[in-house]
Amino acid sequence: MISLWMNEAFARTGLPIAGSDVASRWDSLYSFLVWMSVFFFVLVIGAMLVFIVKYKDGPGKKSAYITDNHLLEALWTLIPLVLVMVIFVWGWVIYKDQVTAPADAMEVRVVGKQWLWQFQYEDGRVTVGEVYVPAHKPVKFIMSSDDVLHSFFIPAFRVKQDVVPGMYTSIWFEANVEGFHQIFCTEYCGTSHSGMLANLYALGPKDWEDFQAGKKIKLDTLPGVTPAAAGAPPLNLADQGRQTFATKGCTACHSVDGSKMTGPTLKGVFGSKVELVDGKTVTADENYIRESIEMPNATVVKGFTPVMPPYKGLLQEDDLNGLVAYIKSLK
Ligand code: CUA
């Protein structure tokens, strides 16, 4: 009840949308802290300003000799004590719910690696850079790292957890806003840390059934997804590839404008002669592009280090075709 009232009263806080129950509960506590601070700021500074004027020194003015005031001392001890205890209990209750996943939560394994997020479902399916979950149902992410420390963050759900090599950590949430939500890596993990993004799609019952049946989800009609291209003609192969390129984490390390990032740029690469670390030269044709995606460490380009994770088994044939067409189009 109190929490509901706080939400209504302090809805406009400038925070990202609250996409889960726990998010609205954290926001209520946050609003409480902000408004309590505003209240005491006005009270203290206001009183100070009044006293400056009222008790200004002047001829004939002499301040009274004050020793102590037990009532005042008791109040300025008790009131802050009550306030900090309210903050503690409020935070503790939400935290307890946030770290205790319901037993019936759907489980998804999350693997962080430089520099992408990989998701592994109970049915064996694997996705990279995007994860599909049912809305309005508890979902638990069991997370581990392939290399260094990462941190998994879904701002809209207000959940964040370190992802540590050699052990499992977990988060859980219940998405109550369907559609797209951004995932970040929020622990500096190397060159392309800022590009270590992923998309979370909270699906309604119909879409979730389709996903479980192995159908491709029409993302452009989901809420929060741009561009809203519902009813538009299907994308051409190169544009499909451009989408795959963006959603599978490729943009973290490869530019398409000629600039050097962690990996080589893909501008003009197709059909060109590529110099490898072992001194050999190969022509970048369809099979070279394919191999460089699926088993990138087989042919490392001169001037680069073999840091790209292999995508073998993570991409469907139609995804690969799109990617090759897209790279071909980057003249
Ligand atoms: Cu992974 Cu930062």
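Numbering of ligands and ligand atoms starts at 1, following listing order.
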TODO: Taking only Lys NZ, Arg NE, NH1 and NH2, and the carboxylate oxygens of Asp or Glu, determine whether E286 and K328 approach each other closer than 4.0 Å.
DONE: yes

Open item on the list: Tell me whether atom 1 (Cu) of ligand 1 has S151 as a neighbour, meaning an N, O or S atom of it below 2.8 Å.
Closed with: no

Task: Geometric class of the H193/Y188 ring pair [parallel <30°, tilted 30-60°, perpendicular >60°] - done: perpendicular

TODO: Could you tell me how the ring of W90 sits relative to the ring of F32: parallel (under 30°), tilted (30 to 60°) or perpendicular (over 60°)?
DONE: tilted

- [ ] With atom 1 (Cu) of ligand 1 as the reference point, give the N/O/S atom of H150 that is nearest.
- [x] ND1

- [ ] Would you mind naming the N, O or S atom of H193 nearest to atom 2 (Cu) of ligand 1?
- [x] ND1

Open item on the list: Before moving on, can you tell me the angle at atom 2 (Cu) of ligand 1 between the SG atom of C189 and the O atom of E187, to the nearest 10 degrees?
Closed with: 110°

- [ ] Indicate, with yes or no, if the rings of W92 and Y95 have centres closer together than 6.0 Å.
- [x] no

